[in-house]
Amino acid sequence: SSGPKIPPGPMTIPALGSITWIRKDFFDVESMIRSLHAKLGPIVALHIGSYPMIYISSHSLAHQALIRNGAIFADRPPAIPLVKIISCNQHSISSASCGPMWRTLRRNLTAGILHPTRVKSFSRARRWVLGILLDQLRAAGPSTAMQVAGHFRYAVFCLQVLMCFGDRLEERQIKDVQAVQTALLLRAPRFAILNFLPSIGKILFRRQWDEFQKLLRNQENVFLPLIRARSAIRDNKTREDDSNAENVVCYVDTLLNLEMPEEGKRKLTEAEILGLCLEFFIGAIDTTSSALQWIIANIVKYPAIQEALYCEIRAVVGHEAAAVEEDDLQKLPYPKAVILEGLRRHPPTNFMLPHAVTEDTELGGFLVPKKGTVNFMVTDMGRNPDVWEDPLAFKPERFLCNGDGSGGGAEVFDITGTREIKMMPFGAGRRMCPAYALALLHLEYLMANLVWALEWKAKDGDEVDLSEKQEVTVVMKNPLNAIVIPRAK
Ligand code: HEM
């Protein structure tokens, strides 16, 4: 027709095209999309399944799609079979179609456990987790280098588990949750084959299918008793007003109380609650802990940044403070700038979750057809030289008002991209990460205290290598190996 055309992309024969793509490594696909952008411009299309997959590398097109035409671009495509199983048929926030179920679940998360007063009620839990992390890091001694990634991941895991199941959990219970959840994530690549031809895949790849089912059962065995324990606490509370009962509301409490307004006010099933808990971990743990590792790696690589952080913290909390408290963070613009620079330079994910389009629409002069999927080049946007001066340098000052690195300016950067998108580590628009403020709090609190309590150094003669590797998130190819020296107070 004479109307706008589908964005340019490599020519493919429909079915054959899909087979070619399935055989490609994720990194190959990513670098291919990057070279297509270099050749064909900021909007390109791949023809992998029945509908085109459109990739966008331009900040202004991302803003036009996600903010100005947010309603059209806010849906999700049908989930792949294994995600369907884990999410109880797309009854999770990240996978649900953009309808009443998604709205209710998302609102329950943002107005419930992510409400600032609820987040504040977990301050004690955060202090406890920080103590565990510092003990683990100090244990190596001041002259032995250690890999810190596992310790960071465990700390973030503890934070999420406590917010999910209640802040009185014992470490033993946290470790049980971690064991089953990590097993599922680590084995995930083995199960990918089950996504193709799901009905006969169970028979053809019997071993993988049985193993997948076993991991799901293990997960139920650990999660369901924790969910039922919260249910029992709630029932006891309604029977007698027990002042000793738990008073910090956790995510599971909000899910147990939730009613689905469009479905006769029905309650969520245990399986749905379990899937939502899993999402609460999968969305948070690898993203937050890999961001923390990248940020600390840059602090080790650039001692002047570490010194500037330490000096600003000291000026606010005083020489003798045992720790940086959450209330102090509001008075510390430089740590905020370091976190933002970390997320710009090393966003945990190169792409967002795929968005589906609800009607034919035009973007950048091209047709984005109904049911087509759209995704955005998150990493490339944060490193675009047209938007960021010297984009590969790690310069937190760019996020300070006064821009001179003195830490005196207030942080005004709009991470939501509502006015203008300059980077989008948390996405933008209606599907933007609902927990971005929590993630920023965890990163700021942990980083500020890690620098306040410990001096970070590279192993003698070792360069901090910032090469990347794709795992669940983008991680350091050579994980950070650092020496930590407790600071005298
Ligand atoms: C540094 C940490 C984090 C990063 C970089 C991050 C990034 C993202 C991104 C890029 C998306 C997709 C946005 C889109 O498709 O438009 C997303 C969605 C989501 N994230 Fe996060 N996230 C982080 C932490 C968290 C945490 C702590 C939680 C839970 C407490 C969480 C829960 C979710 C959920 C539920 C969604 C789906 C939202 C929807 O579809 O409506 N994330 N996140």
Side-chain angles (χ1 to χ4, degrees), residues 74-115 118-119 153 156-166 174 177-178 180-188 191 195 212 215-216 218-220 222-224 226-227 230 250-258 260 267-291 348-349 351-356 426-427 430-439 442 472-473:
D75 212 359
R76 294 278 188 225
I80 50 175
L82 293 192
V83 172
K84 255 195 184 140
I85 296 175
I86 290 175
S87 65
C88 262
N89 211 12
Q90 295 192 243
H91 289 189
S92 72
I93 304 169
S94 50
S95 67
S97 215
C98 196
M101 151 87 59
W102 168 71
R103 261 188 295 279
T104 305
L105 294 177
R106 188 170 164 119
R107 198 177 323 110
N108 176 65
L109 179 72
T110 50
I113 196 69
L114 296 182
H115 188 279
R118 288 269 160 73
V119 170
R153 193 171 189 279
V156 177
F157 210 99
C158 291
L159 293 173
Q160 291 301 126
V161 174
L162 295 173
M163 289 188 83
C164 188
F165 295 117
I174 299 177
V177 178
Q178 188 188 28
V180 287
Q181 204 264 332
T182 309
L184 193 65
L185 272 191
L186 283 181
R187 308 261 170 83
F191 306 138
N195 283 315
F212 178 61
L215 288 176
L216 291 185
N218 290 348
Q219 193 159 270
E220 273 176 28
V222 173
F223 280 38
L224 290 186
L226 294 171
I227 294 171
R230 293 310 299 189
C250 65
Y251 187 40
V252 166
D253 297 342
T254 68
L255 295 171
L256 287 166
N257 288 333
L258 190 63
M260 306 309 286
K267 296 284 197 151
L268 294 173
T269 63
E270 269 189 342
E272 286 172 325
I273 295 180
L274 193 152
L276 287 158
C277 294
L278 197 59
E279 174 183 65
F280 196 73
F281 300 138
I282 293 178
I285 290 157
D286 289 278
T287 46
T288 314
S289 58
S290 72
T349 59
F351 296 102
M352 288 164 31
L353 298 172
H355 286 230
F426 296 104
R430 291 169 196 225
R431 286 284 184 162
M432 181 179 177
C433 179
Y436 72 92
L438 177 74
H442 284 169
V472 179
T473 52

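Panel note: side chain T287, backbone A284; a donor-acceptor pair is recorded below 3.5 Å. For the pair Q181 (side chain) and L278 (backbone), a donor-acceptor distance under 3.5 Å is absent.
Smallest separation of non-hydrogen atoms from R230 and C250: NE-SG, 3.3 Å. Residues T473 and P348 approach most closely at CB-O, 3.3 Å, considering heavy atoms. The heavy-atom pair separating P434 from L114 by the smallest distance is O-CD1, 3.4 Å. Closest approach of W102 and C98 over heavy atoms only: CZ3-SG, 3.6 Å.
A side-chain contact (heavy atoms from CB on, under 4.5 Å) with L276 holds for exactly one of T254, L109, I93, V252; it is I93.
With rounding to the nearest 0.5 angstrom, the CG atom of L162 is 11.0 Å from the CZ atom of F157. Expressed to the nearest 0.5 Å, how far CZ of F281 lies from CG of L184 amounts to 12.5 Å. Here the SG-CG distance, from C164 to D253, works out to 9.5 Å after rounding to the nearest 0.5 Å. One finds the OG1 atom of T182 at 7.5 Å from the CD1 atom of I285 (value rounded to the nearest 0.5 Å). With rounding to the nearest 0.5 Å, the separation of CG in L256 from CD in E270 is 8.5 Å.
Ring orientation note: the planes of F223 and F165 are nearly perpendicular, at an angle over 60° on the 30°/60° scale.
In this structure, T110 has no side-chain hydrogen bond (donor to acceptor under 3.5 Å, both in side chains) partners at least two apart in sequence or on a different chain. Remark: L258 engages T104, L105, N108, M260, L268 in a side-chain contact (heavy atoms from CB on, under 4.5 Å) (not counting sequence neighbours). Here N257 pairs with R234 under the side-chain hydrogen bond (donor to acceptor under 3.5 Å, both in side chains) rule; sequence neighbours left out. Checked against salt bridge (Lys or Arg N to Asp or Glu O under 4.0 Å), R76 has no partners two or more places apart in sequence or in another chain. For the side-chain contact (heavy atoms from CB on, under 4.5 Å) test, residues two or more places apart in sequence or in another chain that qualify with C158 are V129, Y154, I174. Residues satisfying the side-chain hydrogen bond (donor to acceptor under 3.5 Å, both in side chains) test with S289, not counting sequence neighbours, are none. For F426, there are no ring pair (Phe, Tyr, Trp, His ring centres under 6.0 Å) partners at least two apart in sequence or on another chain. Qualifying salt bridge (Lys or Arg N to Asp or Glu O under 4.0 Å) partners for R187, counting only residues two or more places apart in sequence or in other chains: E211.
Looking at heavy atoms from C-beta onward, L438 lies in side-chain contact with M163 at the 4.5 angstrom threshold. The shortest side-chain heavy-atom distance between R431 and L353 does not fall under the 4.5 Å cut-off. With contacts defined as side-chain heavy-atom distances shorter than 4.5 Å, the pair Q160/H442 qualifies.
Applying the salt bridge (Lys or Arg N to Asp or Glu O under 4.0 Å) rule to pairs touching residues 275-289 yields R153-D286, sequence neighbours excluded. Sorted by first and then second residue, the salt bridge (Lys or Arg N to Asp or Glu O under 4.0 Å) pairs with a member in residues 93-109 form an empty list; sequence neighbours excluded.
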Table please: side-chain donor-acceptor pairs of residues 78-89 below 3.5 Å, with sequence neighbours left out.
residue: S87; atom: OG; partner: V83; partner atom: O; Å: 2.7
residue: S87; atom: OG; partner: Q90; partner atom: N; Å: 3.0

